[in-house]
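Below you'll find the structure, written out as structure tokens, and then a few comments.
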Amino acid sequence: VFGKDINLILVLSNLSSDRKSVRVDMSASTILYTRRTVAEILKAATSVELGPKQGKHIRVKIPYTHYGKYLTTDKRIQVTALCEVMRSRGLKLLVEKTIILEDTNIIIKLPRRVVVNKAVSLEISYANPLPEPVSRCVLLVTLMNQQVKINLARLAPRERSKIYFEFTPRRAGPLQLQVDFSCDKFSHVKGFVTIAVAPA
């Protein structure tokens with residue numbers, strides 16, 4: 001989840017009946033959706049001894065403090081591990097994984113029934129998932145082809161807050177509400193719901 005440390009496990013297995021010595025070079029970078037690298041956030045190397053038919057786990061931790069300021073709105077991190085079996089004429093294996101961090105920041109609560117030409121109040125809850133305070137918080141609410149900008153108070157580390165948004169639907173049928181939350185440390189955290197508007 002965005003804002004938290006990332007914990008990964010690399011599993012190495014020796015399928016042969018010989019003892020193996022493996023060197024593992026690990027790296028991680030924040031990337032765009034096109035896979036273009038933005039910044040390298042981790043570089044580490046280790047060696048592992050594997051007995052016949054033995055498996056071992058290598059734990060990797062990427063703290064938020066390492067990736068936070070380099071993450072783009074795509075929220076993607078590419079992790080690679082180059083595993084080289086020593087004394088085996090250059091036998092190598094490359095393992096790659098792309099991590100897309102999830103947002104759990106926006107929660108929109110609707111009343112049980114929404115009716116045409118009757119005012120309705122929604123609860124929009126938003127959060128700071130980071131271990132540090134954020135300021136210059138803004139919500140952009142898009143509904144019925146109109147956008148409303150709401151300036152919000154700063155949020156303490158891991159704080160969740162909420163506002164109430166009132167509107168009156170003018171026609172029956174599905175209506176999409178989109179919320180976009182930004183602040184000084186991250187931007188464009190989105191949430192949306194489809195509202196079923198009943199006839200009067």
Side-chain angles (χ1 to χ4, degrees), residues 1-8 28-39 62 64 67-79 96-200:
V1 176
F2 172 61
K4 296 191 176 177
D5 295 349
I6 299 167
N7 293 291
L8 304 169
S29 301
T30 55
I31 60 169
L32 300 173
Y33 75 96
T34 57
R35 293 175 62 97
R36 188 169 73 82
T37 299
V38 176
I62 308 173
Y64 165 75
Y67 74 80
K69 61 183 176 183
Y70 301 113
L71 208 59
T72 70
T73 52
D74 296 327
K75 296 185 175 59
R76 290 171 188 253
I77 293 175
Q78 178 87 24
V79 182
E96 284 189 331
K97 182 168 182 64
T98 300
I99 301 164
I100 302 173
L101 300 177
E102 294 179 3
D103 286 322
T104 54
N105 291 2
I106 304 287
I107 299 170
I108 304 166
K109 290 185 181 174
L110 302 170
R112 288 175 64 179
R113 186 168 159 81
V114 179
V115 179
V116 166
N117 294 327
K118 199 169 181 181
V120 59
S121 183
L122 309 174
E123 181 186 289
I124 301 173
S125 147
Y126 53 96
N128 171 15
L130 308 185
E132 57 189 327
V134 296
S135 58
R136 298 201 298 276
C137 302
V138 175
L139 269 184
L140 267 181
V141 181
T142 306
L143 181 70
M144 298 186 290
N145 298 321
Q146 292 189 339
Q147 226 175 38
V148 179
K149 181 179 178 182
I150 304 166
N151 292 310
L152 307 165
R154 70 198 302 272
L155 290 173
R158 314 278 187 215
E159 182 184 1
R160 179 168 284 280
S161 190
K162 61 188 172 187
I163 64 162
Y164 292 91
F165 182 78
E166 189 173 286
F167 73 99
T168 303
R170 296 301 178 200
R171 59 180 177 80
L175 195 62
Q176 192 169 83
L177 171 88
Q178 185 172 311
V179 178
D180 186 311
F181 177 53
S182 295
C183 65
D184 64 332
K185 300 285 192 319
F186 55 87
S187 59
H188 304 305
V189 173
K190 295 180 186 295
F192 68 92
V193 291
T194 300
I195 304 166
V197 181

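Atom set for the values below is all heavy atoms of this structure, side chains included, hydrogens, waters and symmetry mates excluded.
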Could you pull out all residues at least two apart from [X] that satisfy side-chain contact (heavy atoms from CB on, under 4.5 Å)?
X      : answer
Pro157 : Pro133
Ala39  : Thr30, Tyr70
Ala172 : Val116, Pro199

What pairs with [X] under side-chain hydrogen bond (donor to acceptor under 3.5 Å, both in side chains), at least two apart in sequence or on another chain?
X      : result
Arg36  : none
Thr98  : Gln78
Ser125 : Arg160
Glu132 : Tyr64

query: Atom CD1 of Ile124 and atom CG of Leu177: how far apart are they, to the nearest 0.5 Å?
result: 5.5 Å

- request: Could you note down all residue pairs passing salt bridge (Lys or Arg N to Asp or Glu O under 4.0 Å) where residues 178-188 supplies at least one of them, sequence neighbours left out?
  value: Asp180-Lys190

message: Once you measure the plane-to-plane angle for Tyr126 and Phe181, does it fall in the parallel (<30°), tilted (30-60°) or perpendicular (>60°) bin?
response: tilted

- prompt: What's the shortest heavy-atom distance between Tyr67 and Ile6, and which atoms?
  reply: CE2-CD1, 3.8 Å

- prompt: With sequence neighbours excluded, what pairs up with Phe167 under the ring-ring contact (aromatic ring centres under 6.0 Å, His included) test?
  reply: none

- prompt: What side-chain hydrogen bond (donor to acceptor under 3.5 Å, both in side chains) pairs are there with at least one residue in residues 164-174, not counting sequence neighbours?
  reply: Asn117-Arg170, Glu123-Tyr164

Considering only distance and modelled atom types, tabulate donor-acceptor pairs under 3.5 Å from the side chains of residues 145-153, sequence neighbours left out.
from: Gln147; atom 1: NE2; to: Thr142; atom 2: OG1; distance (Å): 3.4

